[in-house]
Chemist: 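Quick one: this structure, given as structure tokens, is what I'll be asking you about.
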Amino acid sequence: LAEGAAAAPQLEAAAPDYIEAAEFESEKEGYVFKFDVYGLGYYKDEEASRPIEVTIDAIEAEKQEKLERNARARMQAFPKWDTISG
């Protein structure tokens, strides 16, 4: 390098989309083992690379759904008193 010149940044190689493998060897972070278009091997896990989007509305809707599901379960578990003979 010439005096005062900056070194070129090192570029990292992109991880391959597919790694051929005749059999499952071990878990590989960021990959799933399956048979797909390239054959048997490790494919990039698309779910793991997809960003997760969380909104207040989604959280509130999930909370409401859980409350309603729990209320239905309680109603099924405990029959109404007026329907119990005795």
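Since the structure is predicted, the reported quantities are computational estimates derived from the model, not experimental observations. Along the sequence shown, residues carry numbers from 1.
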Chemist: Could you tell me which residues satisfy ring pair (Phe, Tyr, Trp, His ring centres under 6.0 Å) with Y43, sequence neighbours excluded, listed by chain and number?
Modeler: Y18
Chemist: Atom CD1 in I19, atom NZ in K44: separation rounded to 0.5 Å?
Modeler: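 The CD1 atom of I19 sits 9.5 Å away from the NZ atom of K44.
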Chemist: Could you list the donor-acceptor pairs under 3.5 angstrom formed between side-chain atoms of residues 21-38 and any protein atom two or more places apart in sequence or on another chain?
Modeler:
| unit_1 | atom_1 | unit_2 | atom_2 | d |
| --- | --- | --- | --- | --- |
| Y31 | OH | P16 | O | 2.6 |
| K34 | NZ | D36 | OD2 | 3.1 |

Chemist: Could you walk me through whether Q64 and E68 pass side-chain contact (heavy atoms from CB on, under 4.5 Å), step by step?
Modeler: CA-CA 6 Å; Q64 185 63 35; E68 291 171 3; 3.0 Å; yes
Chemist: Supply the atom-to-atom distance R72 CZ to L67 CG, rounded to the nearest 0.5 angstrom.
Modeler: 10.5 Å
Chemist: Is I59 atom CD1 crowded by more than 12 heavy atoms from other residues, nucleotides or ligands, each under 6.0 Å away?
Modeler: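 Enclosed: over 12 neighbouring heavy atoms sit under 6.0 Å from CD1 of I59.
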